[in-house]
Peer 1: 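To start, I am sharing the structure in question, which I have written as structure tokens.
All values below were derived from every heavy atom in this structure, side-chain atoms included, with hydrogens, water molecules and symmetry-related copies excluded.
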Amino acid sequence: MQKVGVIMGSKSDLPVMQDAVDILKSFGIEVEVDIVSAHRTPEKLFDYGKNAHQRGFSVIIAGAGGAAHLPGMIASLSPLPVIGVPVKSSNSIDGWDSVLSILQMPGGVPVATVALNGAKNAGILAAQIIGSSNAHVLNKIIEYKESLKEAVIKSANDLK
């Protein structure tokens, strides 16, 4: 069973990051959630980043607000794909500091970055990564995308 690590810099990020957890679980993907602060628990960050692939993770989703160093630091340590979720937090400058901190990574250390507070899309992207080699998850994604289409068609028909 493939699993996704969902980490965040503080517990206050959980309301945003819960969207990733929920969508991943709906696809039948195992999720492990943890708090890993780049600034307050650097030893935990190093251990998590260096060993996540040995613990059975396939993808890491890292959410962070403010200076948002967590996704990039995890990506610098781990061979796994990392998806960054910029979180608009109380110490954030309208979220732009978080977006740019995650988005503007140096060459060689990629972090796939979703929209501000876009944890749901991070979960879908993680599922698509896993689905590229797991037919069961791929079929769940196909069903999900079909449900999106059907919802739009229903909305359009309701207008008539």
Peer 1: Mind listing the closest non-hydrogen atom pair of A122 and I61 along with its distance?
Peer 2: O-CD1, 3.5 Å

Peer 1: Taking all non-hydrogen atoms of both residues, which atom of D97 and which atom of S101 are closest, and how far apart?
Peer 2: O-OG, 2.8 Å

Peer 1: Applying side chain to side chain contact (heavy atoms under 4.5 Å, CB included), can you list everything that pairs with A64, at least two apart in sequence or on another chain?
Peer 2: A68, L70, P71

Peer 1: Evaluate the side-chain contact (heavy atoms from CB on, under 4.5 Å) criterion for residues I124 and I141: first the C-alpha distance (whole Å), next the side-chain angles of each, then the deciding distance (0.1 Å), finally the verdict.
Peer 2: CA-CA 8 Å; I124 294 166; I141 294 165; 5.5 Å; no

Peer 1: Would you find a donor on one side and an acceptor on the other, under 3.5 Å apart, between the side chain of D94 and the backbone of W96?
Peer 2: no

Peer 1: Quick one: does K44's side chain have a donor or acceptor within less than 3.5 Å of a partner on I35's backbone?
Peer 2: yes

Peer 1: Name all residues meeting the side chain to side chain contact (heavy atoms under 4.5 Å, CB included) criterion together with S76; count only those two or more places apart in sequence or in a different chain, and write none if there are none.
Peer 2: M73, V109

Peer 1: Let's go through L77 and L45 carefully: what are the C-alpha distance in whole Å and the side-chain angles of both, what is the deciding distance for side-chain contact (heavy atoms from CB on, under 4.5 Å) to 0.1 Å, and is it a yes or a no?
Peer 2: CA-CA 9 Å; L77 295 164; L45 176 140; 3.5 Å; yes

Peer 1: Measure the shortest side-chain to side-chain distance between I60 and I7 over non-hydrogen atoms and say whether it is less than 4.5 angstrom.
Peer 2: yes

Peer 1: Which atom pair, heavy atoms only, marks the closest approach of L125 to A112?
Peer 2: CD2-CB, 4.0 Å

Peer 1: Run the salt bridge (charged side-chain N to carboxylate O under 4.0 Å, His left out) test on K140 and E143 for me, step by step, so that the C-alpha distance in whole Å, both residues' side-chain angles and the decisive distance to 0.1 Å come before the verdict.
Peer 2: CA-CA 5 Å; K140 293 274 191 182; E143 291 171 13; 5.0 Å; no

Peer 1: Looking at side-chain heavy atoms only, is the closest gap between V4 and F57 below 4.5 Å?
Peer 2: no

Peer 1: Parallel under 30°, tilted from 30 to 60°, perpendicular over 60°: which one fits the rings of H39 and H69?
Peer 2: perpendicular

Peer 1: Drop me the distance from I74's CD1 to L80's CG, to the nearest 0.5 angstrom.
Peer 2: 10.0 Å

Peer 1: Donor-acceptor pair, S26 side chain versus I23 backbone, under 3.5 Å?
Peer 2: yes

Peer 1: Identify, with sequence neighbours excluded, every residue that meets ring pair (Phe, Tyr, Trp, His ring centres under 6.0 Å) alongside H53.
Peer 2: none

Peer 1: Compare every heavy atom of K88 with every heavy atom of G95, then report the nearest pair and how far apart it is.
Peer 2: N-CG, 4.1 Å

Peer 1: Would you kindly confirm whether V16 and I102 end up in one hydrophobic cluster when ILVMFWY residues are joined by side chain heavy atoms under 4.5 Å apart?
Peer 2: no

Peer 1: Cluster question for you: counting only ILVMFWY and a side-chain heavy-atom cut-off of under 4.5 Å, with indirect links fine, are V31 and L14 together?
Peer 2: yes

Peer 1: Do K145 and Q128 have side-chain heavy atoms sitting under 4.5 Å apart?
Peer 2: yes

Peer 1: Verify side-chain contact (heavy atoms from CB on, under 4.5 Å) between Q104 and V99, making sure each step is shown before the conclusion.
Peer 2: CA-CA 8 Å; Q104 292 298 114; V99 170; over 6 Å; no

Peer 1: Tell me whether I83 shares a hydrophobic cluster with V111, the cluster being built from Ile, Leu, Val, Met, Phe, Trp, Tyr side chains joined at under 4.5 Å.
Peer 2: no

Peer 1: Count I, L, V, M, F, W, Y as connected when their side-chain heavy atoms are under 4.5 Å apart, and connections chain through other members. Are V85 and L103 then in the same cluster?
Peer 2: no

Peer 1: Does N51 reach the main-chain N or O of Q54 with its side chain, forming a donor-acceptor pair under 3.5 Å?
Peer 2: no

Peer 1: Output all residues satisfying ring pair (Phe, Tyr, Trp, His ring centres under 6.0 Å) with Y144, sequence neighbours left out; order by chain, then residue number.
Peer 2: F27

Peer 1: For residues 55-67, which residue pairs qualify under side chain to side chain donor-acceptor pair (under 3.5 Å), counting only residues two or more places apart or in two chains?
Peer 2: E32-R55

Peer 1: Testing the basics here: between A119 and A20, what is the closest heavy-atom pair and its distance to 0.1 Å?
Peer 2: O-CB, 3.3 Å

Peer 1: Per the salt bridge (Lys or Arg N to Asp or Glu O under 4.0 Å) rule, what does the pair list look like for residues 13-24, sequence neighbours excluded?
Peer 2: none

Peer 1: Given Q2, which of V59, I130, I129 fulfils the side-chain contact (heavy atoms from CB on, under 4.5 Å) condition?
Peer 2: I130

Peer 1: Determine yes or no for a side-chain-to-main-chain donor-acceptor pair under 3.5 angstrom, with T41 supplying the side chain and S37 the backbone.
Peer 2: yes

Peer 1: Can you get from V6 to V87 by hopping between Ile, Leu, Val, Met, Phe, Trp and Tyr side chains that sit under 4.5 Å apart?
Peer 2: yes

Peer 1: Can you find a pair of side-chain heavy atoms, one from M8 and one from V33, that are under 4.5 Å apart?
Peer 2: yes

Peer 1: When you measure from the side chain of S78 to the backbone N and O of A75, does any donor-acceptor pair fall under 3.5 Å?
Peer 2: no

Peer 1: What is the distance from atom CG of L24 to atom NZ of K120, rounded to the nearest 0.5 Å?
Peer 2: 12.0 Å

